[in-house]
Amino acid sequence: ILPYLGLLAVSASMSSSGVLGFRGLTMVQALPDAGLFVIAANWLSAHFFGPSGGPLGLADHERAKGRRYLRGLSWTLAIGALFIQLISTGDNGGISATVLVFPVECILGLFLYRLGRLLAGLKGADKATVYRDRTVSVVGRIAMVVAVVGPVLAAGGFFFLILTLCLEP
């Protein structure tokens, strides 16, 4: 909570300074929301892929990959949120926004696919963890499907549908 409050304080102080223009003010106001992606992902990666082993029981190199993929996903989400905010302040048509955001969606798909592949590879070693590992494996497979289908739909012109389903509150 403290890092997010820090981002809110920085955003409020920069907004009230009067130095920023319209686009700068819009970007600074979007900064706490974008930073929340990174803060939440760092917390999740510390709990699921932390050095203590985490609840998934992954090996050291797999936990390092999980941390890397989750943090890459969060930074891409944060940059994408700021990028969408910047695009929305301009006089851009819907088609130019679609073209400009498509690379961000592809990078998100790449990180999500890799994270899903890591989770889908879990195998239950004993009867106590079989159900957990199967559930996590199914979630990983679903993430892999979403990671492929999302950019394909975006390439097919369904940008506004994806934006409405994924990024709108």
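In this text the structure is predicted, and so the values were computed from the model without any measurement.
Cluster partners of W75, by chain and number: V38. The rule joins Ile, Leu, Val, Met, Phe, Trp and Tyr whenever side-chain heavy atoms lie under 4.5 Å apart.
L44 CG to L73 CG: the interatomic distance, rounded to the nearest 0.5 Å, is 10.5 Å. Between L86 atom CG and I79 atom CD1 the span is 13.0 Å, to the nearest 0.5 Å. In this structure, L20 CG and M27 CE are separated by 11.0 Å, a value rounded to the nearest 0.5 Å. In this structure, CE on M14 lies 8.0 Å from CG on L31, to the nearest 0.5 angstrom. Remark: M144 CE to L118 CG distance equals 11.0 Å, nearest 0.5 Å. Of the inter-residue distances, the one linking L112 atom CG with E105 atom CD reads 12.5 Å to the nearest 0.5 angstrom.
Between the S74 side chain and the R71 main chain, a donor and an acceptor come within less than 3.5 Å of each other. Panel note: side chain R63, backbone G50; a donor-acceptor pair is recorded below 3.5 Å. Checked by atom type and distance alone, the side chain of S15 never pairs as donor or acceptor with a backbone atom of A12 at under 3.5 Å. With hydrogens and angles disregarded, no donor-acceptor distance shorter than 3.5 Å links the side chain of Q29 to the backbone of T26. Side-chain atoms of R67 do not come within 3.5 Å of backbone N or O of S45 as any donor-acceptor pair.
Residues that satisfy the side-chain hydrogen bond (donor to acceptor under 3.5 Å, both in side chains) test with T76, not counting sequence neighbours, are absent from this structure.
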(request) Could you walk me through whether L70 and N42 pass side-chain contact (heavy atoms from CB on, under 4.5 Å), step by step? (result) CA-CA 8 Å; L70 193 56; N42 281 335; over 6 Å; no
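Residues Y4 and L8 are in side-chain contact: their nearest non-hydrogen atoms beyond the backbone lie under 4.5 Å apart. The shortest distance between side-chain heavy atoms of Y113 and V145 does not fall below 4.5 Å.
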